[in-house]
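I have placed the structure first, in the form of structure tokens, so that the comments after it can refer back to it.
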Amino acid sequence: MKRVLYPGSFDPITKGHMNIIDQASKMFDEIIIAVMKNVNKKEYFFDYEERVNIIKELYKDNPNIKVMTATGATVDIALENNCCGIIRGLRSLTDYNYEVEMQQFNKEISDNKVNTVCFFADKEYQFISSSLVKEVFYLNKDISKYVDNLVINKMNEKR
Ligand code: ADP
């Protein structure tokens, strides 16, 4: 049973994230999506519970995809949940530079127990980010290329 942890902010979950989940679910038996409570981060659009509920709803027919909120070190969350590794998505060199540092750090603080596997977004999803979605949404432009309809409805309810 190969279980992996997919940590992130997911504010909101985009088609880019979903593309990574889709690719990873073909390689691993179970994915735990961890909505990370990051104390340092600025304001959020959705609170943690709302983000978790949206993701749960999106994957309600997929028992191999689990969702939780988490705080602290991702390596600890991975180990506590018997995950064999962490998955992350790569879009650009900026992502790469960040992820290369993080994976090294995570390996070190977990005594080499937790490794990271990166997936590449398919090209139509490569430029999608949660912050872009929020900007386009606030400009009253169409975001249906970037997020699922469920997310659009939840964003409209919140506006
Ligand atoms: P974080 O705050 O950890 O960056 P995000 O929710 O923004 O959280 O992203 C979680 C992970 O998903 C990161 O590895 C990020 O690079 C990846 N990701 C986000 N958007 C995309 C996308 N469009 N394509 C591929 N990977 C993505």
Side-chain angles (χ1 to χ4, degrees), residues 3-28 30-59 62 64-78 81 83-107 109-110 114-138 141-152 154-155 158:
R3 181 186 292 138
V4 283
L5 187 78
Y6 185 24
S9 309
F10 305 103
D11 186 40
I13 185 165
T14 68
K15 288 188 178 176
H17 295 125
M18 293 175 80
N19 178 245
I20 299 303
I21 294 164
D22 193 43
Q23 293 184 51
S25 63
K26 294 186 178 113
M27 262 188 218
F28 298 105
E30 197 170 283
I31 300 172
I32 301 183
I33 302 170
V35 176
M36 297 302 297
K37 295 190 175 183
N38 186 343
V39 281
N40 299 323
K41 210 147 171 183
K42 60 298 144 186
E43 277 173 39
Y44 284 116
F45 187 91
F46 288 115
D47 66 35
Y48 302 111
E49 294 310 321
E50 289 170 325
R51 281 180 258 158
V52 165
N53 289 338
I54 290 171
I55 302 170
K56 273 192 182 152
E57 179 68 22
L58 285 173
Y59 292 104
N62 198 330
N64 302 330
I65 295 170
K66 307 266 191 313
V67 196
M68 61 187 273
T69 53
T71 39
T74 42
V75 286
D76 293 337
I77 300 153
N81 288 282
C83 294
C84 62
I86 291 173
I87 62 164
R88 299 285 287 172
L90 285 188
R91 288 162 292 190
S92 59
L93 275 179
T94 321
D95 277 352
Y96 173 81
N97 287 333
Y98 178 73
E99 298 301 341
V100 86
E101 266 181 28
M102 280 310 293
Q103 64 80 28
Q104 188 56 41
F105 171 72
N106 281 332
K107 249 184 220 164
I109 62 171
S110 70
V114 181
N115 215 331
T116 302
V117 177
C118 287
F119 287 87
F120 297 90
D122 287 331
K123 62 178 183 306
E124 61 268 45
Y125 305 110
Q126 211 160 11
F127 299 101
I128 304 176
S129 66
S130 299
S131 43
L132 175 93
V133 168
K134 285 177 274 192
E135 263 180 53
V136 178
F137 175 77
Y138 283 129
K141 301 290 179 201
D142 180 25
I143 53 170
S144 59
K145 269 210 279 195
Y146 314 131
V147 293
D148 189 274
N149 281 339
L150 176 85
V151 177
I152 302 181
K154 295 282 178 198
M155 288 182 85
K158 188 110 192 174

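Counting starts at 1 for both ligands and their atoms, in listed order.
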If you compare Gly16, Cys118, Ser9 by their heavy atoms, the one closest to atom 8 (O) of ligand 1 turns out to be Ser9
Keeping Arg51 on the side-chain end and Ser9 on the backbone end, is there a donor-acceptor pair under 3.5 Å? yes
Quick check: Gly89 and ligand 1, any N/O pair under 3.5 Å apart? yes
side-chain contact (heavy atoms from CB on, under 4.5 Å) partner of Tyr6, chosen from Ile31, Val35, Ile86: Ile31
Numbering the atoms of ligand 1 from 1, which are under 4.0 Å from a heavy atom of Ile20? 25 (C), 26 (N)
Give me the atom names and distance for the closest heavy-atom approach of Val147 to Thr14. CG1-CA, 4.0 Å
Charged N to carboxylate O below 4.0 Å: is that the case for Asp11 and Lys134? yes
Qualifying residues under salt bridge (Lys or Arg N to Asp or Glu O under 4.0 Å), relative to Asp148, sequence neighbours excluded: none
Quick check against the 3.5 Å criterion: does Asp22 have a side-chain atom that pairs as donor or acceptor with the backbone of Met18? no
One residue to check: Arg91. Relative to ligand 1, which of side chain, backbone, both or neither has a non-hydrogen atom less than 4.0 Å away? side chain
Have a look at ligand 1 and work out which part of Glu99, if any, has a heavy atom under 4.0 Å from it: side chain, backbone, both or neither. side chain
Got the closest protein heavy atom to atom 9 (O) of ligand 1, with its distance? His17 NE2, 3.4 Å
Checking heavy atoms under 4.0 Å, the part of Tyr6 that sits near ligand 1 is side chain
For Gln126, is at least one N or O under 3.5 Å away from an N or O on ligand 1? no
Should the pair Glu57-Lys154 be classified as a salt bridge under the 4.0 Å nitrogen-to-oxygen rule? no
Check ligand 1 against Arg88 and write out every atom of the ligand that is under 4.0 Å from a heavy-atom position of the residue. 3 (O), 4 (O), 10 (C), 11 (C), 13 (C), 14 (O)
What atoms in ligand 1 come closer than 4.0 Å to a heavy atom of Phe10? 6 (O)
Modelled atom types, side-chain donor and acceptor of Asn19 and Gln23, under 3.5 Å: yes
Taking only heavy atoms of Ala121, which atoms of ligand 1 are found under 4.0 Å from at least one of them? 24 (N), 25 (C)
Show the atoms of ligand 1 that are less than 4.0 angstrom away from any heavy atom in Asp95. 16 (O)
